[in-house]
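Residue indices begin at 1 and follow the sequence shown.
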Amino acid sequence: MVTFKNLPIKKKLRYAMLLTAYSVLLVTLSVQTVSEYMHSRTLLVSKLETLVEVIGANAQAALMFEDTVSAEQLLNGFSSTDEIEAAYLLSSSGERVAAYHRGKKQPWAFTLEELNQPVTLFSKAKLHLYRPINMDGQFIGAIYVQSNLSELYLHLTHILFLVLIAALISVVLAAMLSSRLQKLLARPITELADTISEITEYQQYDRHVQKFDNDEIGQLYDCFNDMLMQIKERDDRLQQNRETLEATVANRTSELKMANRDLKENLTQLNEAKEAALDAAKAKSSFLANMSHEIRTPMNGVLGMLDLMKDTPLNKTQSDFLNTAYSSADSLLQIINDILDFSKIEAGKMTIENIDISVRDIVEDVCTLLAGTAREKGLELSCYTDVDLPRTLKGDSVRLRQVLTNLIGNAVKFTVEGEVSVRVNLFERSQTSAQIEFSVEDTGIGIPEDILPTLFNEFTQADGSTTRKFGGTGLGLTISRQLVELMGGSITVVSAEGLGSTFTFTLDMEISQNKHIQRSQVFHVLDGIKALVVDDNKTNREILRHYLTAWGILHSEASTVKDALEQLRKAHNNNHPFELIFLDMDMPEMDGLELSKAIEQDLDLKSIRRIMLSSTGFISQEEQQAAGISACLSKPFRQSRLLDTTMQVMHYHHAKQHQEGASDQIEPETTMFSENIQILLVEDNVVNQKVAISMLKKIGLQHIDVAEDGREAVEMTGNQAYDLILMDCQMPEMSGYEATGHIRQREREQQLPKIPIIAMTANAMAEDREKCLAAGMDDYLSKPVKIDNLRKRLEHWLIHDTPPQEIADMDLRTVQEAEKKASQSEYPLIDQSIFDSLKELMEEEFPVLINSYLEDAPKLMADIRSSSKDADLEVLVRAAHTLKSSSNNLGATQLAMIAADIEKEGQANKLGEASALISSLESTLDETMNALRDPGA
């Protein structure tokens, strides 16, 4: 877009001068025109006033005598003037005496408030003139004249025509003058610009520009010539430098060619060395992998044999030798594991999991594991976990446990006397994440200041001399640092030689959104209880202070036995006795047992309940009873265990009464089934098979055959007589309902005795029970089957032949309650009661069951997913039913409920609704499998 600032200077000057001239001319002509117009109007009014005055003077007699004829003759005198269109002669009262108007046009009429006042008015194209007529100073009448403005407009037109001619002449003259002037002003500038362009294009810096005048433009020429001279001098110097530089570059190029030739030879050698190093690294990795396998295999054999040897009869010397060998082998295995972890991290192959874990359980597990070692060294190992710590977080339990084991193990290892304190604090928390701070503090040998900066480097030890007291590879802290960083945290250390060390690391961990059913934190039942903490160790008192405050227990502290006894007696005398005492076992003046015995012997204090916290190991039940101790916990204790113990101790009498009442009940009679009883279990799911077989063996039935579907069950019952059949309802090939129908038909046709058939199905609705009975089955058990219910069913069918009505009614009520619960409750991911019962039932076979479920469940999930895509409702329903059944048996109730919903929608031919639940089923399955892989998380 062309704008004024982009125009050439010639046009800019010309336009500026023209604009100035035209502006002045326009203003001048406008003022002159307006002035001439006003003057012409004044002349017109003056002319008309003169005429009116003459007519008015002559009309005085006509007005006095009201001579209309004379007045008309006077007004007709206006006919000689073309501009006057109308005229009136009025009396003193405003009445018309005579009138004149040209043509037939009616004159313009207007009303006056004061008739004796003159009026001059321009309106549209008319001039109105009203003048009073006086005689001897007395108002006798008035004359009104209406005139057109044709004469005024004609005069104005002549003026405008002359102004236009003058303007045109001025414009032409201004254009000529501006063209001449702009040439004079712009020529030096344009020539200078052209010259600069040529010099720039051809680089002719030796030219000289001739100036025109000695004004500012002339000064510009002089400055430009000076600049050209300086550029010329600079170019000459540059040329000289260029020639020198070329010679230098030529010399350097020759030298670089020689250096490049040497460099290529060196690169060839380096590449060969690199390949050799890579081959060596590969050989090292291969060697490390092979050696790890080769070393760990015999090491596992050594440890296994030594462990077995511990169970053989040994004398004291042999036992000492064995323990030393086992400890040495275990230390060697730890060194091998450290080296393997280090190599894996260095190779970038270490992966960090992100599954549900319990940080509190992991920390307390590690402290419990190392408590024995601390106890042997006479150390106080304390563990504190923040009461506000989220129950379940996302993290890697294995690697977190490894870091904690290393740090706490080092603290115990390098501490000769004193204590090791482990703390886990909730630093920050949001709705989705929490920042957890882990701290391990000891009173050990400490670390010199010059070692601290390199402490976490590989193979670095605080004492690296050949006379060092403590051994190790120097990899533990390095691996810990790298693992913490892989988990997204950082680790620091504060230490002083001889004063101990404090290792701290923080992790940002995601809070798990899984809704586990957790033990109810009914701390309010402890509210108001008054307790006394007796411990000479400040750290232990601080830990108990945090816990008891969070649980609402009012408490005091005593660091000595004397102080404790004084507080106990004072509280009793003030009628505010203590109800509970937490005692430390090892105290300088008197140990906890002796203090408890002293309290037991005092009749005023005897009723106070006591919990012993011991770091020296086990205290026999006899010693506890003799000292009046209600419960005993080993340090470091778990927070949850301390809470449970406190609640049990403070509600001991209620619990005792409850136990006594329970003991009054008739113990269930142990039934001895015949050894010849044959049971047929019809179940297609491997997990359910193993659970049912374990239950049957537990209650004394050993002869159990398994059929994997209904068709196989029909064939097996035709080849062998069974005393009872446990029948699953939904199976591939042939359902339990169909199989029961075939078996009953054969019994009728061949007049065979009727075999009791008990349905075992995951469908827990009342109508499902009725459906089973209608199909010919004799009884009904809903999954997950409880062993007591199974025993009662088998007792009455194998011994009494028919179940009593109250049992059947009870089962129906159980089913109805399950229906109600299913509609009202939110199920846990893992029902711990079912899970623990199954674990206790199956004992050593339980891990095999878990592995079978972990292997089978993903296959069922794949069948559900593929059948949804293929719109195969039959496969979808069967796979969902099987997954529901096996999950129920393990206590995976969340997963079982979602699978049940998919089964229900599939049975109702609602493929879309069933498919919509698959994503929820997949995520719940992943969470369930993670929970089963790591039950402690």
Margin query: As a quick check of understanding, evaluate side-chain contact (heavy atoms from CB on, under 4.5 Å) for L680 and D705, giving each step before the final call.
Written below: CA-CA 5 Å; L680 175 62; D705 292 339; 4.1 Å; yes

Whether the D356 and S512 side chains hold a donor-acceptor pair (N or O, under 3.5 Å, no angle test) is what I'd like checked.
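The criterion, which ignores hydrogens and geometry beyond distance, is satisfied for S512 and D356.
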
For residues Q745 and R748, is any side-chain donor paired with an opposing acceptor at under 3.5 Å?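 There is no such pair between these side chains.
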
Decide yes or no for [X] and [Y]: does some side-chain heavy atom of the first lie under 4.5 Å from some side-chain heavy atom of the second?
{"X": "L507", "Y": "L393", "answer": "no"}
{"X": "M509", "Y": "V359", "answer": "yes"}
{"X": "L404", "Y": "L400", "answer": "yes"}
{"X": "S885", "Y": "N685", "answer": "no"}
{"X": "I511", "Y": "T432", "answer": "no"}
{"X": "D709", "Y": "E712", "answer": "yes"}
{"X": "P858", "Y": "M929", "answer": "yes"}
{"X": "S433", "Y": "D508", "answer": "no"}

Side-chain donor/acceptor of [X] to backbone N/O of [Y], under 3.5 Å:
{"X": "Q639", "Y": "T385", "result": "yes"}
{"X": "S920", "Y": "L917", "result": "no"}
{"X": "D728", "Y": "V682", "result": "no"}
{"X": "R746", "Y": "V714", "result": "yes"}
{"X": "S868", "Y": "I864", "result": "no"}

Supply the atom-to-atom distance [X] [atom1] to [Y] [atom2], rounded to the nearest 0.5 angstrom.
{"X": "L873", "Y": "S867", "atom1": "CG", "atom2": "OG", "answer": "8.0 Å"}
{"X": "E922", "Y": "I898", "atom1": "CD", "atom2": "CD1", "answer": "11.0 Å"}
{"X": "Q689", "Y": "E708", "atom1": "CD", "atom2": "CD", "answer": "5.5 Å"}
{"X": "K690", "Y": "E683", "atom1": "NZ", "atom2": "CD", "answer": "13.0 Å"}
{"X": "N688", "Y": "T882", "atom1": "CG", "atom2": "OG1", "answer": "8.0 Å"}
{"X": "L724", "Y": "I758", "atom1": "CG", "atom2": "CD1", "answer": "4.5 Å"}

Taking everything shown except Q720 itself, do over 12 heavy atoms lie less than 6.0 Å from its CD?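 Yes - once you tally the heavy atoms of other residues, nucleotides and ligands closer than 6.0 Å, there are more than 12.
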
Please report the closest heavy-atom contact between [X] and [Y], naming both atoms and the distance.
{"X": "C772", "Y": "A759", "value": "SG-CB, 3.7 Å"}
{"X": "N888", "Y": "A896", "value": "OD1-CB, 3.5 Å"}
{"X": "D396", "Y": "I357", "value": "N-CD1, 4.2 Å"}
{"X": "A879", "Y": "D863", "value": "CB-CB, 3.9 Å"}
{"X": "A434", "Y": "P390", "value": "CB-CG, 4.3 Å"}
{"X": "G776", "Y": "T740", "value": "C-CG2, 3.7 Å"}

Salt bridge (Lys or Arg N to Asp or Glu O under 4.0 Å) partners for E855, two or more places apart:
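Partners of E855 under the salt bridge (Lys or Arg N to Asp or Glu O under 4.0 Å) test: K859.
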
| With E913 via salt bridge (Lys or Arg N to Asp or Glu O under 4.0 Å) - residues at least two apart |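 E913: no salt bridge (Lys or Arg N to Asp or Glu O under 4.0 Å) contacts found.
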
What I want to find out is whether [X] reaches [Y] closely enough, with some N-O distance under 4.0 Å, to be called a salt bridge.
{"X": "R744", "Y": "E747", "answer": "yes"}
{"X": "D684", "Y": "R878", "answer": "no"}
{"X": "R391", "Y": "D361", "answer": "yes"}

Discussion item. As a test of understanding, state which of K771, M727, M760 forms a side chain to side chain contact (heavy atoms under 4.5 Å, CB included) with M777.
Written reply: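 In the set K771, M727, M760, the residue that makes a side chain to side chain contact (heavy atoms under 4.5 Å, CB included) with M777 is M727.
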
_Among L701, I693, I699, side chain to side chain contact (heavy atoms under 4.5 Å, CB included) partner for K697_ =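 For K697, the side chain to side chain contact (heavy atoms under 4.5 Å, CB included) test succeeds with only one of L701, I693, I699, which is I693.
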
When you look at V875 and D870, which way does the side-chain contact (heavy atoms from CB on, under 4.5 Å) test go after all the steps? CA-CA 10 Å; V875 175; D870 299 335; over 6 Å; no

Original post:
Who passes side-chain contact (heavy atoms from CB on, under 4.5 Å) against V877, sequence neighbours left out?
Top reply: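 Per chain and number, V877 pairs via side-chain contact (heavy atoms from CB on, under 4.5 Å) with Q730, E903, Q907.
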
Would you sort out whether L794 and I677 count as a side-chain contact (heavy atoms from CB on, under 4.5 Å), showing the intermediate values?
-> CA-CA 11 Å; L794 295 178; I677 290 178; over 6 Å; no

| request: Show your working on side-chain contact (heavy atoms from CB on, under 4.5 Å) between T928 and L829 and close with a plain yes or no. | output: CA-CA 6 Å; T928 302; L829 187 69; 3.4 Å; yes

